[in-house]
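A short worksheet on the structure shown next.
As a basis for the values below, the full set of heavy atoms in this structure was taken, side chains included, without hydrogen atoms, waters or symmetry mates.
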Amino acid sequence: MDDTDPALFSFVKLTVSDIDAASRFFVDAFGMTHADTVDTPAFREHMMTGRKGSATIVLFHWKDGRAIETGNGYGPVGMLTRDLDADLARAVKAGAKQKGETVSFGPARIAFVLTPDGHEIEMMQMAAKAAA
């Protein structure tokens with residue numbers, strides 16, 4: 001990046017009630033890695049990374065025990081998958097709850113899950129292109 005490049009999208013931050021449980025969820029459900037921790041007297045963050053080229057999910061936890069609200073002013077975190085059925089089953093096994101039915105939308109199959117803290121994740125599998 002040079003000085004004239006715009007800001008680079010790098011991470012999404014989710015506030016969670018139990019940071020260790022949330023970290024295990026993203027490891028078990030999506031194969032992410034706990035890459036780094038920021039620990040202060042007021043809060044703790046875990047940086048969760050996926051494969052090279054993917055954005056980071058930062059899990060944020062207030063240490064004072066305050067209640068969290070997921071709200072409705074944002075959309076779901078997006079995950080691309082090559083095998084929606086297998087990845088959906090893995091996420092549910094890790095503690096997610098499927099929201100609605102798996103649907104087809106144009107060339108894509110899409111399923112939504114809620115994490116144990118209620119954050120919405122959209123999982124999308126694009127249809128394979130037919131061989132020419």
Side-chain angles (χ1 to χ4, degrees):
M1 255 171 74
D2 66 38
D3 290 341
T4 61
D5 287 337
L8 176 66
F9 172 67
S10 176
F11 66 90
V12 170
K13 189 176 290 194
L14 302 176
T15 304
V16 298
S17 59
D18 181 332
I19 197 163
D20 295 320
S23 296
R24 279 191 305 277
F25 171 77
F26 280 96
V27 168
D28 294 346
F30 299 106
M32 298 183 89
T33 300
H34 177 186
D36 200 4
T37 298
V38 172
D39 198 356
T40 76
F43 66 87
R44 186 166 59 159
E45 293 181 332
H46 285 180
M47 278 49 107
M48 306 300 294
T49 59
R51 291 187 294 264
K52 183 178 179 181
S54 68
T56 298
I57 293 179
V58 177
L59 302 176
F60 180 92
H61 174 75
W62 288 110
K63 290 183 174 180
D64 64 8
R66 70 183 72 177
I68 60 168
E69 298 177 26
T70 54
N72 65 0
Y74 70 95
V77 172
M79 300 280 188
L80 294 177
T81 176
R82 290 187 176 101
D83 186 341
L84 180 62
D85 297 320
D87 287 337
L88 177 58
R90 183 179 300 107
V92 168
K93 183 178 179 186
K97 292 185 174 107
Q98 185 167 0
K99 180 181 175 187
E101 299 294 321
T102 300
V103 297
S104 293
F105 188 76
R109 289 183 63 231
I110 301 169
F112 292 87
V113 297
L114 298 175
T115 70
D117 275 308
H119 297 291
E120 188 174 26
I121 296 178
E122 179 178 347
M123 302 169 66
M124 180 170 48
Q125 176 183 353
M126 297 302 293
K129 293 186 180 191

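Looking at every heavy atom in both residues, His46 comes nearest to Ser23 through ND1-OG, 2.6 Å. Looking at every heavy atom in both residues, Ala91 comes nearest to Phe30 through CB-CZ, 4.2 Å. For Leu88 against Met123, the heavy-atom pair with the smallest separation is N-CE, 3.5 Å. For the pair Met48 and Met32, the tightest heavy-atom approach, listed with the atom from each and the gap, is O-CE, 3.4 Å. Across every non-hydrogen atom of Phe25 and Pro116, the tightest pair is CD1-CD, 3.6 Å. Across all their heavy atoms, Lys63 and Pro41 have their closest contact at CD-O, 3.5 Å.
To the nearest 0.5 angstrom, Leu59 atom CG is 8.0 Å from His119 atom NE2. Remark: Thr81 OG1 to Met126 CE distance equals 12.5 Å, nearest 0.5 Å. Of the inter-residue distances, the one linking Gln125 atom CD with Asp85 atom CG reads 7.0 Å to the nearest 0.5 angstrom. In this structure, OH on Tyr74 lies 7.0 Å from CD on Glu120, to the nearest 0.5 angstrom. Atom CG in Leu84 sits 4.5 Å away from atom CZ in Arg109 (nearest 0.5 Å). Atom CD1 in Ile121 sits 11.5 Å away from atom CG in Asp87 (nearest 0.5 Å).
The cluster map of Ile, Leu, Val, Met, Phe, Trp and Tyr, joined by side-chain heavy atoms under 4.5 Å apart, puts Val77 and Phe112 in different clusters. Neither Ile57 nor Phe43 shares a network with the other; the hydrophobic side chains, linked directly or stepwise wherever heavy atoms of I, L, V, M, F, W or Y lie under 4.5 Å apart, form separate groups for each. In the hydrophobic clustering of this structure, Trp62 does not group with Val12; members are Ile, Leu, Val, Met, Phe, Trp, Tyr whose side-chain heavy atoms approach within less than 4.5 Å, directly or through other members. The hydrophobic clustering, which links ILVMFWY residues whose side-chain heavy atoms are closer than 4.5 Å, places Leu114 and Leu14 apart.
Between Met47 and Val38 the shortest side-chain heavy-atom distance falls below 4.5 Å. Side-chain contact between Asp18 and Asp20: present, with at least one pair of heavy atoms (C-beta onward) separated by less than 4.5 Å. For the pair His34 and Ile19, the minimum side-chain heavy-atom distance is 4.5 Å or more.
Scored by the ring-ring contact (aromatic ring centres under 6.0 Å, His included) test, His61 finds no partners at all (sequence neighbours excluded). In this view, Arg66 and Asp64 satisfy the salt bridge (Lys or Arg N to Asp or Glu O under 4.0 Å) rule, not counting sequence neighbours.
Remark: side-chain polar atoms of Thr56 are not paired, donor with acceptor, to backbone N or O of Val58 under 3.5 angstrom. In terms of modelled atom types and a separation under 3.5 Å, the side chain of Thr115 and the main chain of Asp117 share a donor-acceptor contact.
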